[in-house]
Amino acid sequence: MAHNYRDTLHLPKDEQTIAMRANLPEQEPRWQAFWREIDLYQRMLEKPAPNGDFILHDGPPYSNGDIHIGHALNKTLKDIVVRSYRMRGYRTPYVPGWDNHGMPIENAVSKEFLARGEKPDKITLRRACREYAQRYVHIQREQFERLGLVGEWDNPYLTMDYAFEAGLVRIFGELAQRGYIYRGLRPTLWCPTCQTALADAEVEYDEKTSDSIYVAFPVVKPPADAPTTENLKILIWTTTPWTIPANLALAVHPELEYAYVRTNGAVYLLAHRLVAPTMEAFGIHDYTVLGTVTGEHLQGAVAKHPLFERESPVVLADYVTAEDGTGVVHTAPGHGAEDFATGKKYGLPILCPVDAAGVFTQEAGEFAGLPITPEGNRAVIQRLREVGALLHYEPYRHNYPHCWRCNTPLIFRTTEQWFMSIDHAGHRERALNAIRQVRWIPPEGETRITAAVQNRPDWCLSRQRAWGVGIPAFYCEACNAVILTPETVERIAQIIEREGSDVWFEKPAAYFLPEGFVCPQCGASEFRKETDVLDVWFDSGSTSRLVLEARPHLHYPADLYLEGSDQHRGWFNSSLMIGIGTRDAAPYRMVITHGFVLDGEGRKMSKSLGNVVSPLEVIQNMGADVLRLWVASCEYFEDVRLSQEILKYVADAYRQIRNTLRFMVGNLADFNPETDAVPYEQLNDLDRWMLATLQEYLRYALNAYDSFEYHKFYHETRRFCNVELSAFYLDVIKDRLYAESRDSAARRGAQTVLYELAHTLTRLLAPIIPHTAEEVWQRLPVPNKPISVHLTEFPTVCEAWHDKALLERFESILQLREAANRAVEQAKNEKRIPNPQSAKIVIHAPEPLFGTLSAFPTPAAPDNLLARIFGVSQATIEPSVSELQVEVSLAPGRKCARCWLVLPNVDEATELCGRCQAVVG
RNA sequence: GGGCGCGUAGCUCAGUCGGUUAGAGCGCACCCCUGAUAAGGGUGAGGUCAUUGGUUCGAAUCCAAUCGCGCCCA
């Protein structure tokens, strides 16, 4: 081609739009620096908020380790909520927090000391814990900020803040004052070597060989309808002979079938299914089953303890199985969690004749003074053999809980602990009522928390640990009376507020008590402090009180809690207990839960499977906006999946959305909405159709935000960008944008629509991909432009533009477009035309399509709107009485060297069509 | 073992009250363009709706069981 008219076109220039390659890992920190510089969070709060406050209360992550993908999901969702509510006219303060006290940090710090061969005292350990927690608060804060989260990051709440710790003491005091707090027994897994209770997480399961024994309990009150009462015995099996002295009952399953078995002159009762294997173990081949009975009929029967003058009644329990043993569970309420529950249910005493070191106490009678293993076990077995109660002994290998620290086999002991009563003053009912007032999203959450609250036992608040807030009680050294009054609690709280909770462990009791304080019970003046600390769920459960009420720009209750679904039994529950207990109201109005992040196959992420995706790596390689877009793409009310493959697809989606925005921004470089915009009435049908379609999209998008269904917004936005924009509208208006004269109504009309599209999309995307939206925003020619996209409002649907009739009319045109595409594709495949640009189509259209199309003039010129819509150089329409037909042929004329359309009026010398001739002038 | 959920195309998701041949975008294959170019456009092929049984004139949709997966509890 002789002429080059490229420079006369209005092509978008690279430097006037956003870069095609986002380079998010480098660019995002710059936008974050910009937001810090302008103090974006503060400015967001200062914006007018016609809809009032919306308080999303942050559930505190534990200040230990790097953030993982679950944190990223949770915090990104929160950020999308906060940003989108702000853009819908709410004031959205967001105070992030951390959970600092507790076992994981204490254990990590202890291990550091252990590695150095040091044995720290409590204060040294606690100080190290505080430093450790502080260090991870810093680390996680940076990681969260790198995700692009907006909030009060320079003033977060920490549960180890002195004021927070003092607040915990006061809330404990309030609950005590209201009658919720009591001391009681509780079964705990206990390490006799470390002489401490262990949390579940500190228990390691290892193989162990135990002494398993079969013991016969003589029946003193036989079951009704027993086939015989002569020498009747109930047979049990246990792997912990040392618990026999604490036996108080024999548990059977109500629905299991039991058999009376006669052998060797006695009749034994055991589970029918286990008769054969048991007899085989005993080496007995000669036995007779006299009859069977279901467990529920055994209730009321009473046996006698084989060693002591004590009865052991038959009780019912659902946890009894016929898997191994005899189907009758030897029950020692002092030495097992299930046994304890059964003991409570049947009003049995809680006998625990074992001290902290694992030595039998006086309550164990003849065994007193013996360590429970191995001497205790041996002695018990020996005595059982002597009285003829031992039927069989064998070593038994099984998984058994061990101490994580010293690897000693653990035992169950009942110990005295502090509790919050869940049924005090109708508390449980009040909590259940409050649950019904809360909006749960998804609605199954209500079922789940209701079940959790209905079934939860009293809350054990005490822990025998170092890193926590001390329970603010004293004991009289003389009479052991518990000292816990509003005055003593408030004194302690004031001191902790000033000096931190370490002070409780540093100073003597007298430091916290008024001068001259005497025991109200016995008048003595010597006291010791409680050494237990509060359960950390008490810490986090108190945040609603200690954060929402403490900060003037927040309020109780919060409008929203948003956490993983595991928190129904965790934070939602503990917060509710404290909320109902101290404020008689739930701490939240609405609760949203999300699922867990699984791998591409739907399996749990774990180091051993090697399928863990680190958010930090994703941010480093692809950018936070890609990770955030993934969050938005997920239907998060259920479990979500993440893998490298999924990330690749999300990155593709990001690029497509970005390129769409890039094209629009590039073509708006010379557009000023205030002076160049074309009034709606003067826009052509296609442009008005685009605006109408934009309104439909916008309505859908706003609804998706309203219902927290960001994945619907994601999908619709992706479809809108690809289908309506890239593949259609943006393609069609290129001729006008590039080839028409700069200020022509045709070009300015297209830009007017382009501006609306970009302006709308950018703001809608801002909560999800805040960095990219900001980058686009800074390039958009918005009049009186706010300094950041995050200080704008969401667009609202313009009903005047939502022209339903036009949308309907275009439906048939778009269908026709598909038919035309197929016809052109076929002509291309048959080598009748090389490409659509060189084609002319003739549409033989029946009514009513012909009527619709007739509204558009079809000259052999660039302003043939139908030709532009169908992507060919020329198009004409013909009425038809038969079905629709699209005829494709080579367009007559020659190709304009400037606009590349094949037209009849292209000048041979200049190679320009009439339109381009006029434009170039 | 119990409670609460989930299972639709390679991926992410729609699918209203049970009602035509189960949809979309991406990805994939083939083609076009080279003036959105580490872009853009067109056409097309992909489904035993986890499995089995039941209810119904009719089931992705309702019921039951089974399998797989997740959270919580034991």
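Predicted model only: the values in this text are computed from it and were never measured. Chain naming here is simple, since letters A, B, ... match the order of the sequence lines and numbering starts at 1 in each.
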(message) If stacking means aromatic ring centre less than 5.5 angstrom from the base's six-membered ring centre, planes under 30°, is A:Tyr738 stacked on B:G35?
(response) no

Can you tell which of [options] lies closest to the side chain of [X]?
{"X": "A:Arg641", "options": "B:C31, B:C73, B:U12", "answer": "B:U12"}
{"X": "A:Glu825", "options": "B:G42, B:C26, B:A74", "answer": "B:G42"}
{"X": "A:Lys895", "options": "B:C31, B:C33, B:U34", "answer": "B:U34"}
{"X": "A:Leu730", "options": "B:C72, B:A36, B:G27", "answer": "B:A36"}

(message) Reading 5' to 3' and counting Watson-Crick or G-U wobble pairs with both distances under 3.5 Å, write the dot-bracket notation for RNA chain B, | for bases paired outside the strand.
(response) (((((((..((((.....[...)))).(((((.......))))).....(((((..]....)))))))))))).

(request) Please list residues of residues 628-636 of chain A whose heavy atoms come under 4.0 Å from any atom in RNA chain B, ordered by number; otherwise none. (result) A:Ser633, A:Cys634, A:Glu635

(request) Output the residues of residues 597-609 of chain A in contact with RNA chain B, where contact means a heavy atom of the residue under 4.0 Å from an atom of the strand; sort by number or write none. (result) A:Leu598, A:Gly602, A:Lys604

(message) What I want to check is whether an N or O donor and acceptor connect the side chain of A:Thr17 with the base of B:A36 at under 3.5 Å.
(response) no

(message) At less than 3.5 Å, do the side-chain atoms of A:Arg448 and the base atoms of B:C71 form a donor-acceptor pair?
(response) yes

Nearest whole angstrom, please: distance from the [atom2] of [N] to the [atom1] of [X].
{"X": "A:Asn573", "N": "B:G3", "atom1": "CG", "atom2": "P", "answer": "19 Å"}
{"X": "A:Leu11", "N": "B:A36", "atom1": "CG", "atom2": "P", "answer": "7 Å"}
{"X": "A:Arg655", "N": "B:A39", "atom1": "CZ", "atom2": "P", "answer": "7 Å"}
{"X": "A:Glu724", "N": "B:G40", "atom1": "CD", "atom2": "P", "answer": "17 Å"}
{"X": "A:Asn659", "N": "B:A38", "atom1": "CG", "atom2": "P", "answer": "10 Å"}
{"X": "A:Lys828", "N": "B:G41", "atom1": "NZ", "atom2": "P", "answer": "13 Å"}
{"X": "A:Phe637", "N": "B:C6", "atom1": "CZ", "atom2": "C1'", "answer": "15 Å"}
{"X": "A:Phe728", "N": "B:G41", "atom1": "CZ", "atom2": "P", "answer": "13 Å"}

Rounding to an integer number of angstrom, what distance separates [N] and [M] when you compare their [atom1] atoms?
{"N": "B:G35", "M": "B:A29", "atom1": "C1'", "answer": "28 Å"}
{"N": "B:G10", "M": "B:U48", "atom1": "P", "answer": "8 Å"}
{"N": "B:G47", "M": "B:C11", "atom1": "C1'", "answer": "14 Å"}
{"N": "B:C26", "M": "B:A39", "atom1": "P", "answer": "15 Å"}
{"N": "B:U12", "M": "B:C6", "atom1": "C1'", "answer": "16 Å"}
{"N": "B:G27", "M": "B:G46", "atom1": "C1'", "answer": "11 Å"}

For [X], report the nucleic acid contact type (base, sugar-phosphate, nothing); a contact means any heavy atom under 4.0 Å.
{"X": "A:Asn821", "value": "sugar-phosphate"}
{"X": "A:Pro834", "value": "sugar-phosphate"}
{"X": "A:Arg21", "value": "base"}
{"X": "A:Arg822", "value": "sugar-phosphate"}
{"X": "A:Arg6", "value": "base"}
{"X": "A:Val723", "value": "sugar-phosphate"}
{"X": "A:Ala653", "value": "nothing"}
{"X": "A:Gln656", "value": "sugar-phosphate"}
{"X": "A:His715", "value": "base"}

(message) By nearest heavy atom, map A:Ala739 and A:Pro836 onto RNA chain B; which one lands nearer the 5' end?
(response) A:Pro836

(request) Hey, which sits more toward the 5' end of RNA chain B by its nearest nucleotide, A:Lys734 or A:Tyr319? (result) A:Lys734

(message) Enumerate the salt bridge (charged side-chain N to carboxylate O under 4.0 Å, His left out) contacts for residues 7-22 of chain A, please, sequence neighbours excluded, ordered by first and then second residue.
(response) A:Asp14-A:Arg662

(message) Checking A:His711 against A:Ser633 for the side-chain contact (heavy atoms from CB on, under 4.5 Å) test, could you report, in this order, the C-alpha distance in whole Å, the side-chain angles of both residues, the deciding distance, and whether it holds?
(response) CA-CA 4 Å; A:His711 66 288; A:Ser633 79; 5.7 Å; no

(request) Heavy atoms only: give me the nearest A:Gly564-A:Thr593 pair and the separation to one decimal. (result) O-CG2, 4.2 Å

(message) If you compare all heavy atoms of A:Leu24 against all heavy atoms of A:Met622, which two are closest, and at what distance to 0.1 Å?
(response) CD1-O, 3.6 Å

Do [X] and [Y] have side chains that get closer than 4.5 Å, going by heavy atoms?
{"X": "A:Tyr5", "Y": "A:Cys896", "value": "no"}
{"X": "A:Ile768", "Y": "A:Phe713", "value": "yes"}
{"X": "A:His398", "Y": "A:Thr239", "value": "yes"}

(request) Decide yes or no on salt bridge (Lys or Arg N to Asp or Glu O under 4.0 Å) for A:Arg719 and A:Glu716, but give the supporting numbers first. (result) CA-CA 5 Å; A:Arg719 201 196 60 76; A:Glu716 190 57 13; 3.1 Å; yes

(request) Take A:Tyr588 and A:Trp440 through the test ring pair (Phe, Tyr, Trp, His ring centres under 6.0 Å) and record every step on the way to the result. (result) CA-CA 10 Å; A:Tyr588 33 69; A:Trp440 300 89; 5.7 Å; yes

(request) Under the side-chain contact (heavy atoms from CB on, under 4.5 Å) rule, collect the residues that match up with A:His10, sequence neighbours excluded. (result) A:Arg742, A:Arg747

(request) Please assess A:Thr342 against A:Tyr319 for the test side-chain contact (heavy atoms from CB on, under 4.5 Å), listing each intermediate value before the final yes or no. (result) CA-CA 10 Å; A:Thr342 300; A:Tyr319 54 81; 2.7 Å; yes

(request) Based on the glycosidic angle (syn within 90° of 0, else anti), state the conformation of B:G46. (result) syn

(request) Report the residues that fulfil salt bridge (charged side-chain N to carboxylate O under 4.0 Å, His left out) with A:Glu756, sequence neighbours left out, ordered by chain and then residue number. (result) none

(message) The test is side-chain contact (heavy atoms from CB on, under 4.5 Å); show your working for A:Leu757 and A:Leu694 and say whether it passes.
(response) CA-CA 7 Å; A:Leu757 288 167; A:Leu694 176 64; 3.8 Å; yes

(message) Is it the case that atom CZ in A:Arg817 sees more than 12 heavy atoms from other parts of the structure closer than 6.0 Å?
(response) yes

